[in-house]
J.: 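Dropping the structure in here first, questions after.
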There are 4 protein chains.
Amino acid sequence: MAQEKRPSTTRRSERSRTAILTAARELVSEVGYAKLTIEAIAARAGVGKQTIYRWWPSKGAVVFDSILSLSEGADDGEIALPDTGDLEADLKTVLRATVAEFADAEFEAPIRALHTEIIGDPELAAAYREKMEAPMREAKKRRLRSAQDAGQLSADADLDLVLDFLYSPLTQRWLTRSGPLDEAFADALVDATLRAFRGS
Amino acid sequence: MAQEKRPSTTRRSERSRTAILTAARELVSEVGYAKLTIEAIAARAGVGKQTIYRWWPSKGAVVFDSILSLSEGADDGEIALPDTGDLEADLKTVLRATVAEFADAEFEAPIRALHTEIIGDPELAAAYREKMEAPMREAKKRRLRSAQDAGQLSADADLDLVLDFLYSPLTQRWLTRSGPLDEAFADALVDATLRAFRGS
Amino acid sequence: MAQEKRPSTTRRSERSRTAILTAARELVSEVGYAKLTIEAIAARAGVGKQTIYRWWPSKGAVVFDSILSLSEGADDGEIALPDTGDLEADLKTVLRATVAEFADAEFEAPIRALHTEIIGDPELAAAYREKMEAPMREAKKRRLRSAQDAGQLSADADLDLVLDFLYSPLTQRWLTRSGPLDEAFADALVDATLRAFRGS
Amino acid sequence: MAQEKRPSTTRRSERSRTAILTAARELVSEVGYAKLTIEAIAARAGVGKQTIYRWWPSKGAVVFDSILSLSEGADDGEIALPDTGDLEADLKTVLRATVAEFADAEFEAPIRALHTEIIGDPELAAAYREKMEAPMREAKKRRLRSAQDAGQLSADADLDLVLDFLYSPLTQRWLTRSGPLDEAFADALVDATLRAFRGS
DNA sequence: CAGTAATCGAGACGGTACGTCATGTCTTTGT
DNA sequence: ACAAAGACATGACGTACCGTCTCGATTACTG
C-alpha cells in the first residue's frame, strides 16, 4: 500500500478501508475517473470523507490502491510467464492476453484512470512503477533471459529495451486510441521485436 | 481550429482569441494542466468567461488550440525531414531533436497537458491526431519511403509499425518518466528498429 | 440594510435576497437560532451558498436583516406612541403590548436569536441599536417629552434612564426566563418608574 | 456542581476535572464562547474528549462549572452585603463594584459566554439562577429587609422588583454595550430606585 | 494483595456544516 | 451588437468539530 502513510499505531478500520477501495473501483467504472469525486466514494462506502483524507493523500492514490488491492495476496509468490520453449509463441500468447485485457472495459477503465493521473503526478508514477509495473517487468525479463540461454535471443540484448519495443506501441495505441488494437498487431510487434533482437 | 464551432457570422474578436490562447499557454506552464481553470484564463486574458465558452467546448480544446496556434502558418507548406541519404543518421538526428523537445519544460508542459486530456477524451484525441500528429506522421513516412526506394528499408515494411517502434517507447518514457530519456536511448531505438525492418 | 456591504454596482437579485430573508425567518422559528445553518437557508431559499456569503458577513447578519425586512417601509414615517394625555395609562398599554409580543413564539424566536448573537458581536449590536432600537427609543422619548410638558414627568428627568427603568427589567426577564412576564409586572414597572420620575 | 451527573461511585479524576475547568476558563477568555470547542478544551487540558462528555452534558455546562469553580468554598458561608445603616451609600458601593467587575475582561468574558447560552437553554438558565444568582439575590434582599426595618424603604415594597430596578439596567447595558457603564450610571440607578421605593 | 471493573488519554469513526472555489449560464452595463 | 464584468445555482473541495466508539494503560476499590 505504498500510497498510504500507515502509522505504527494502526487503529484503522479494515472494514472502512475495504469499502472505500471497492467503492472507488466501482465508481471509476461507472462514471469515469474525471467525474469521480471523493464525496461520491465516501457516500458509496458509507464512510466519512475524513476517513479517506486521513489515509490517502489524493484521489489518484485511492484509485491506485483500489487497483492494487485486486491483486493482493497474489503478488507474494512470483509471477511466471508461460515458457514452452518457443519464445515467439509464448510472447504472442502474452501480448494477445494484454490486448484482451485492454478490450475489457471493467479492467481497462481504472487503469486508464490511473495513467491519466500518473502523467501529472511523478510521485504516483513512481509508486505505480514500483508496486505494479516492476513485478510484471521482472517476470517478463525472466522469460527473456530463459530465451537468451536457449539462444533464441541475442545474449547482449538490452532486455528493458526489448520490453519497451514489445509493450510501448501496445500501451500507446490503447491510451490514445490511435489505431486498431488486435491480435494481428500483437503478433506483428512480436515478429518485429524478435527480428531486431534475435540471436545471431 | 477543429475544436471551435465558428459560426458563419464571424464577428469574433481576434484580439480576444489571441489573448486567451496566450494566457492558456502561459498558465499551463505556470500551474500545470490539472490546476488550470477557465476563470484564470479569462482573468489573465482580460476577457469575459463567456467569450471562452462561446468559442471553445472544453478546457482541453482551449489548450489544444493554444498549442496549435504556436505552429500556425508553418503547417501550410509541407514539413520535410532531413534526407541526407543516410537513414540511420537522419533518424537519429530527428529522434534526438524529439528528446531535446521533451527536455524543454516550456514545450513539454502544454503537450503533456494535452496528453492527459486525450486519454479520457476520444474526440479530442481524434482532433489531435488529425491536426497535429498526422502531418508529422506523413512527413516521417515520406522519409521512410525514400529509404525503401534506396533499399535501406524492407520494401514490404509496415511504415506505421516502424514509426510506432521508433516513437512509442520514447513517448511512453516521457509521459511516465519511467527511465532516462537521452540520446543514447534515441540511438538505441533507431538501431533496433533498423535491425527489425532492414531490407534483406 | 446596515449589515450588507452593498456595492455601488448592484447587480443583485432581489428575488434571491427576499427568498433568503424569508427562509431565514422561517428556519429560526422552526429549529431555533443555534441549529440554524447557512446551508439550510440556502437550500430552503433555492439559492447557492455563495449568494449568501457574497452579501452577508455572518449568520447573525442574515437573521438581523430578516427581522429588519419585516418592518420595511413602515420605518419611513415616524412611529408614534399613543398619547391620550394620561401617561400612566399610555405606558401600561405599550408595555402590555410588549409583554404580549414576547409571548408570541413567532415574533419572539428571531429576536431572541438576534440577542444571542448581539451579546458576542459588538458590530451587530451597534447595527441593532442604530436600525431597530433607535427609532423606537426616539418615539418613546417623544411621548415622555410630551408628558414632561404636561407636568406628568419631572422636567429634568433623564429620559434614557426612564426608558431603562421601564424596559430593562422586562427584557431581562424575557431573555433569562427568570420570572413571570405578565401584565401585572408591566403595570408594576410603570407605577414604580412614575414614582421615581414623577414631577414634583 | 448542578450540571454534573455524579455517580455514587466517584472514581472521578480530580486532576482531570480541574484541568478541564481551567482550560475552559482560559479558552473562553482567549477565543470567546462562540469559538470555544470541546476538542480544544480536551487538548488544552490534556484529557480525552470522552472524559468531558462523560461528566458534562453540554459546552454550556462546562463553562458554567468553570465559572462556579472560581467561587468554590466561599459559598458555604452566607454572603453579606455591607450594612452601614446608610442604604443609599451601601447600594452605591455594591453597584459600583458590579460595574468594576463588568469592566474586567478576565471576569467578564466567561459570564458573558454563560449569558449567551442561557438565552437559548432554559435548563442552563435554571441552573444559573439556582446556583449563582439565588445566593446573591438572597443576600441583597437581606440588606433591603434591614433597610425596611430601618424605615428607609417602604415596608410593602416588592423586593424582587427593587432588585430588578437596580440590576436589570446595569446588566442590559453590559450585555448589549448600549451605553456607558460607569459609576455615575450606578449612582443614578440607586437614586431613582430609592425615589420609587422610599418609605413614605 | 490480587483481581477486576470503571476511568483515563488517545484518537479513529460516520456525520454535518463550514467557507471557498470553479463550473457553465444568464444578466447588466458600457461602448 | 457585441464584449467585459460578474451574479447566479450548482456541487465538490478539504477542514473543523460533533458525539460515539474502540483501544490499551492506569488506578483504586473489593473480595
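Proteins come first, then strands; the chains are lettered A, B, ... in the order of their sequence lines, and each starts at number 1.
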J.: Nearest heavy atom decides the nucleotide; on that basis, is A/T37 or B/A45 closer to the 5' end of DNA chain F?
T.: B/A45
J.: For residues A/R25 and A/S69, is any side-chain donor paired with an opposing acceptor at under 3.5 Å?
T.: yes
J.: Report yes if a side-chain nitrogen or oxygen of C/S16 is closer than 4.0 Å to either non-bridging phosphate oxygen (OP1 or OP2) of F/dA9; otherwise report no.
T.: yes
J.: Between C/K49 and D/S13, name the one whose nearest nucleotide on DNA chain E is closer to the 5' end.
T.: D/S13
J.: Phosphate oxygens OP1/OP2 of E/dC13: is one of them under 4.0 Å from a side-chain N or O of A/R54?
T.: yes
J.: Would you please confirm or rule out a distance under 4.0 Å between OP1 or OP2 of F/dA5 and any side-chain N or O of C/R11?
T.: no
J.: If you count every heavy atom of other residues, nucleotides or ligands that lies below 6.0 Å from D/R15 atom CZ, does the total exceed 12?
T.: no
J.: Hey, does the side chain of A/T51 come within less than 4.0 Å of E/dG14's phosphate (OP1/OP2), counting only N and O?
T.: yes
J.: Starting at the 5' end of DNA chain F, which residue's closest nucleotide do you reach first, C/E39 or A/Q50?
T.: C/E39
J.: So, the side chain of C/R177 versus the backbone of D/I119: is there a donor-acceptor pair under 3.5 Å, distance only?
T.: yes
J.: Looking at A/W55, I'd like to know whether one of its side-chain N or O atoms comes within less than 4.0 Å of OP1 or OP2 on E/dG11.
T.: no
J.: Both D/G46 and A/R15 contact DNA chain E. Which one's nearest nucleotide lies toward the 5' end?
T.: D/G46
J.: Among F/dT15, E/dC13, E/dC18, which is the nearest nucleotide to the side chain of A/R12?
T.: E/dC13
